[in-house]
Amino acid sequence: MGFTRQAGVAIVLVAATLWLQSAGMAVLIHWARASIDRGVKALSEWHSSLIMIRFTTVMIVLHILHILHILLWAAFHRWRCLPSWESSFYFSAASYSTVGYGDVVLPRVWRVLGPLESVTGVLMCGISVSALFAILIRLLESETQSSSEIRMGPRLSRINRLMLSG
C-alpha cells in the first residue's frame with residue numbers, strides 16, 4: 001500500500017474531523033447566542049451560579065464533541081488496523097489526547113495516522129478552548145450589561161454605551 005492511499009485516508013479523516021468540529025461549534029455558538037440573548041436579568045441573585053451552569057453545559061457538549069472525534073478515528077482504526085473496538089478506541093483516545101502510551105500500535109503501513117491524529121487532536125482542543133473563552137467572555141459581558149441596566153436603567157446604560165463607543 002502506497003503513501004498516496006495513506007495520504008488520501010488521512011485527508012478524509014482530517015476533513016471529517018474538521019467538519020464535525022465546525023458543525024459542533026456552529027450548534028454551540030447558536031446555543032450560546034440564544035442563551036446570552038435571553039439574559040440573566042430575572043435571576044439577579046443567581047448570576048454567578050447561572051453562568052457556571054451554562055459554562056459547565058458548554059464544557060460537557062465539547063467533551064461529547066471530542067469523544068465523537070475519537071470515535072470517528074477509532075472506527076477507521078477498527079475497520080483497517082486493529083482487531084477490536086476496545087483497542088481501537090484506546091489507541092485513538094491516546095493518540096488524540098497526545099498521551100500516546102505505545103502499548104497499542106498501528107500496523108506499519110498505517111503508522112503515519114497516529115501522529116496525524118495527535119496533531120488534529122491538539123488543534124481541535126485549541127479550537128474548543130478558544131470557543132470556551134469566547135463564550136465565557138460573552139456571558140460575562142452580558143452579565144455586566146444586565147447589572148448596569150438594572151442599576152442605571154436601560155436609557156442611561158444605552159447613553160453610556162454610546163459615549164464609550166464614540
Side-chain angles (χ1 to χ4, degrees), residues 1-40 43 46-144:
M1 179 172 319
F3 181 73
T4 307
R5 185 169 181 197
Q6 290 179 18
V9 167
I11 289 169
V12 168
L13 284 170
V14 170
T17 304
L18 286 170
W19 179 84
L20 190 60
Q21 180 77 16
S22 298
M25 287 287 106
V27 169
L28 198 59
I29 288 168
H30 176 73
W31 175 82
R33 280 186 178 163
S35 179
I36 291 167
D37 287 345
R38 278 194 306 260
V40 290
L43 304 170
W46 298 99
H47 290 339
S48 59
S49 297
L50 184 61
I51 287 173
M52 289 312 299
I53 289 169
R54 288 177 180 177
F55 196 67
T56 302
T57 303
V58 169
M59 289 174 55
I60 290 168
V61 169
L62 287 173
H63 273 85
I64 292 168
L65 183 61
H66 288 287
I67 289 171
L68 290 175
H69 293 159
I70 291 168
L71 284 172
L72 172 71
W73 286 80
F76 178 79
H77 297 322
R78 173 65 181 105
W79 178 50
R80 300 296 293 177
C81 306
L82 298 171
S84 71
W85 275 105
E86 186 271 333
S87 61
S88 298
F89 184 80
Y90 173 78
F91 175 82
S92 186
S95 294
Y96 188 86
S97 64
T98 70
V99 172
Y101 288 119
D103 53 343
V104 176
V105 294
L106 295 177
R108 183 173 176 86
V109 74
W110 292 110
R111 68 182 175 181
V112 74
L113 292 181
L116 186 62
E117 185 175 1
S118 294
V119 169
T120 303
V122 166
L123 292 174
M124 296 304 109
C125 288
I127 291 171
S128 295
V129 168
S130 65
L132 278 174
F133 277 103
I135 290 169
L136 182 61
I137 288 168
R138 290 290 304 267
L139 285 171
L140 292 174
E141 285 175 350
S142 172
E143 178 69 19
T144 304

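In what follows, every heavy atom counts, from backbone to side chain, and hydrogens, waters and symmetry copies are set aside.
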Novice: Drop me the distance from Leu62's CG to Met25's CE, to the nearest 0.5 angstrom.
Specialist: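 That separation rounds to 4.5 Å.
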Novice: If you apply the rule side chain to side chain contact (heavy atoms under 4.5 Å, CB included), what do you find for Ser128 with Gln21, and how did you get there?
Specialist: CA-CA 9 Å; Ser128 295; Gln21 180 77 16; 3.1 Å; yes
Novice: If we ignore hydrogens and angles and just use 3.5 Å, is the side chain of Ser130 paired with the main-chain N or O of Ile127 as donor and acceptor?
Specialist: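 Here the side-chain-to-backbone pair exists.
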Novice: Could you give the distance from OH (Tyr96) to CG (Leu71), rounded to the nearest 0.5 Å?
Specialist: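 Here the rounded value is 11.0 Å.
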Novice: Supply the atom-to-atom distance Trp85 CH2 to His77 NE2, rounded to the nearest 0.5 angstrom.
Specialist: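 Trp85 atom CH2 to His77 atom NE2 measures 10.5 Å (nearest 0.5 Å).
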Novice: Taking Ser118's backbone N and O only, do any of them form a donor-acceptor pair with Ser95's side chain (distance below 3.5 Å, no angle check)?
Specialist: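 No, the answer is negative, given that no donor and acceptor are paired below the 3.5 Å cut-off.
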Novice: Tell me whether Trp19 at atom CH2 has more than 12 heavy atoms from other residues, nucleotides or ligands lying less than 6.0 Å away.
Specialist: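 No, CH2 of Trp19 has 12 or fewer neighbouring heavy atoms, counting only those of other groups under 6.0 Å.
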Novice: Apply side chain to side chain contact (heavy atoms under 4.5 Å, CB included) to Thr57 and Trp31, showing your working.
Specialist: CA-CA 11 Å; Thr57 303; Trp31 175 82; 4.2 Å; yes
Novice: His63 side chain to Met59 main-chain N or O, any donor-acceptor pair under 3.5 Å?
Specialist: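 It does hold such a pair.
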Novice: Please verify the inter-ring angle class for Phe76 with Trp79; under 30° counts as parallel, over 60° as perpendicular, anything in between as tilted.
Specialist: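 Judged by the thresholds at 30° and 60°, the geometry between Phe76 and Trp79 is perpendicular.
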Novice: Between Ala74 and Ser88, what is the shortest heavy-atom contact and its length?
Specialist: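 It is O-CB, 3.5 Å.
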Novice: Measuring from atom CD1 of Ile60 to atom CG of Leu65, what distance do you get when rounded to the nearest 0.5 angstrom?
Specialist: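 Between Ile60 CD1 and Leu65 CG, I get 14.0 Å after rounding to 0.5 Å.
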Novice: When you measure from the side chain of Thr17 to the backbone of His69, do you find a donor-acceptor pair of N or O atoms at a distance under 3.5 Å?
Specialist: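 Answer holds: no.
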Novice: Please find the pair of heavy atoms, one from Leu72 and one from Ala16, that lie closest to each other, and give the distance.
Specialist: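 Answer, listing the atom of Leu72 first, then Ala16: CD2-CB, 3.6 Å.
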Novice: With rounding to the nearest 0.5 angstrom, report the CH2 to CG distance, Trp73 to Leu113.
Specialist: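 Going from the CH2 atom of Trp73 to the CG atom of Leu113 covers 6.0 Å.
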Novice: Between Arg111 and Val105, is a side chain to side chain contact (heavy atoms under 4.5 Å, CB included) present by the stated rule, with each step listed?
Specialist: CA-CA 8 Å; Arg111 68 182 175 181; Val105 294; over 6 Å; no
Novice: Supply the atom-to-atom distance Leu18 CG to Ile11 CD1, rounded to the nearest 0.5 angstrom.
Specialist: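 Separation between the atoms: 12.0 Å.
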Novice: So which heavy atom on Ala10 is nearest to which on Leu116, and how close?
Specialist: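 Result for this residue pair: CB-CD2, 3.1 Å.
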Novice: Between Cys81 and Leu106, which heavy-atom pair has the shortest distance, and what is it?
Specialist: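 Closest pair (atom of Cys81, atom of Leu106, distance): CB-CD2, 3.7 Å.
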